[in-house]
Amino acid sequence: VNAAITARVAILEMNRSQADLISQSDAQKIRQAAVGAIRASSMLEEAVQHLTETFVDNPSVLELTRLIAEIKPAKMEVIKAARNNDDAHALQIADGMQDSMARVEELSSNLVEEEQHALAEVMANQDKHARTTIALLGVFVGVGLLIGIIVSFVAAHLMTKPLGILDKSMAALATGDLTIRLEDTG
């Protein structure tokens with residue numbers, strides 16, 4: 001998702017810096033805007049390169065890469081024309097790129113949406129697995145608790161049975177019955 005969002009931001013920044021460059025009239029500001037446009041162009045190329053590394057063989061990324069490569073010479077011509085203060089020519093070149101730039105924006109927007117959808121699916125899947133794990137742990141704890149209670153009752157019965165026999169024998173002896181025999185149980 002980050003790669004797609006970075007590319008989307010780079011595209012928007014490229015468009016903004018190109019418009020800023022064309023709108024400037026002062027030589028110093030034109031120079032600064034040209035540097036900003038070149039920087040934005042480089043950032044866009046890096047973002048698209050990162051996309052191609054991240055989404056290998058993705059048709060949208062391949063088309064985006066092709067479009068950026070096609071637009072690059074025109075972007076440089078816009079920068080040159082704007083630096084020469086030929087705004088009419090720069091606007092003409094920029095207008096000629098509008099269809100390609102609109103497609104670039106559409107592709108980048110679609111990539112962001114696809115990646116957000118894929119991330120949502122992964123998160124839903126992780127949530128499902130987490131709930132299953134929690135349910136299984138609950139079952140294991142419940143079964144362990146039930147086994148512990150059963151073992152406790154059995155142990156209590158095994159301990160109290162000989163004491164019950166001894167108690168009955170002592171009561172019989174107290175009444176004077178000397179015929180009581182106790183088994184040697186250890």
Side-chain angles (χ1 to χ4, degrees), residues 1-17 20 36 38-69 71-72 100-186:
V1 174
N2 285 343
I5 290 174
T6 301
R8 179 83 174 124
V9 168
I11 289 166
L12 295 173
E13 179 61 24
M14 178 61 210
N15 288 341
R16 187 205 57 77
S17 65
D20 184 41
I38 292 169
R39 184 178 303 123
S41 180
S42 296
M43 287 174 46
L44 176 58
E45 289 173 15
E46 287 176 20
V48 170
Q49 181 180 358
H50 186 66
L51 277 176
T52 57
E53 292 169 358
T54 304
F55 304 108
V56 179
D57 296 331
N58 182 314
S60 295
V61 173
L62 294 174
E63 183 180 355
L64 185 64
T65 304
R66 181 186 57 79
L67 283 171
I68 295 297
I71 292 171
K72 184 178 180 178
S100 296
M101 286 305 290
R103 181 65 181 149
V104 165
E105 288 182 26
E106 178 185 346
L107 287 170
S108 68
S109 180
N110 289 345
L111 279 171
V112 169
E113 288 175 15
E114 288 173 10
E115 288 308 302
Q116 287 175 337
H117 179 69
L119 181 61
E121 286 181 6
V122 167
M123 293 300 291
N125 197 16
Q126 289 295 328
D127 187 48
K128 180 181 173 185
H129 287 303
R131 290 180 189 276
T132 302
T133 301
I134 290 171
L136 282 173
L137 286 173
V139 167
F140 287 140
V141 167
V143 167
L145 195 59
L146 185 63
I147 289 172
I149 290 171
I150 291 171
V151 167
S152 296
F153 277 122
V154 169
H157 177 70
L158 290 175
M159 286 184 199
T160 58
K161 184 178 177 185
L163 289 175
I165 293 172
L166 183 61
D167 186 43
K168 287 180 186 176
S169 299
M170 293 300 286
L173 278 174
T175 60
D177 184 4
L178 300 176
T179 64
I180 298 292
R181 297 259 184 228
L182 293 175
E183 294 180 22
D184 187 16
T185 58

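Along the sequence shown, residues are numbered consecutively beginning with 1.
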**Fill in**
OG of S41 to CD of E46, rounded to nearest 0.5 Å, is 10.0 Å
**Asked** Do E121 and H117 meet the criterion of a side-chain donor-acceptor pair at a distance under 3.5 Å?
**Response** yes
**Prompt:** Could you state the interatomic distance from CD1 (I71) to CG (L44), rounded to the nearest 0.5 Å?
**Reply:** 8.0 Å
**Request:** May I ask you to check whether D177 and T175 show a side-chain donor-acceptor distance below 3.5 Å?
**Result:** no
**Message:** So I134 and R131, do their side chains get closer than 4.5 Å, heavy atoms only?
**Reply:** no
**Asked** Which distance, rounded to the nearest 0.5 Å, do you find between the CG of L67 and the CD of E105?
**Response** 12.0 Å
**Point-to-point distance, once rounded to the nearest 0.5 Å, from CD1 of I180 to NZ of K168** = 11.0 Å
Which donor-acceptor pairs under 3.5 Å do the side chains of residues 136-146 make with protein atoms, sequence neighbours left out?
none

When the side chains of residues 54-63 are checked against the rest of the protein, which donor-acceptor pairs come out under 3.5 Å, sequence neighbours left out?
| residue | atom | partner | partner atom | Å |
| --- | --- | --- | --- | --- |
| T54 | OG1 | H50 | O | 2.8 |
| N58 | OD1 | S60 | N | 2.8 |
| N58 | OD1 | V61 | N | 3.4 |
| E63 | OE1 | R103 | NH2 | 2.9 |
| E63 | OE2 | R103 | NE | 2.8 |
| E63 | OE2 | R103 | NH2 | 3.3 |

**Request:** Take K72 and E45 through the test side chain to side chain contact (heavy atoms under 4.5 Å, CB included) and record every step on the way to the result.
**Result:** CA-CA 9 Å; K72 184 178 180 178; E45 289 173 15; 3.1 Å; yes
**Fill in**
Residues at least two apart in sequence or cross-chain that pass side-chain hydrogen bond (donor to acceptor under 3.5 Å, both in side chains) with S17, listed by chain then number, are none
**Asked** If you measure from CD on E13 to CZ on R16, what distance do you get to the nearest 0.5 Å?
**Response** 4.0 Å
**Asked** Quick one: CG on L51 to OG on S108, what's the gap to the nearest 0.5 Å?
**Response** 9.0 Å
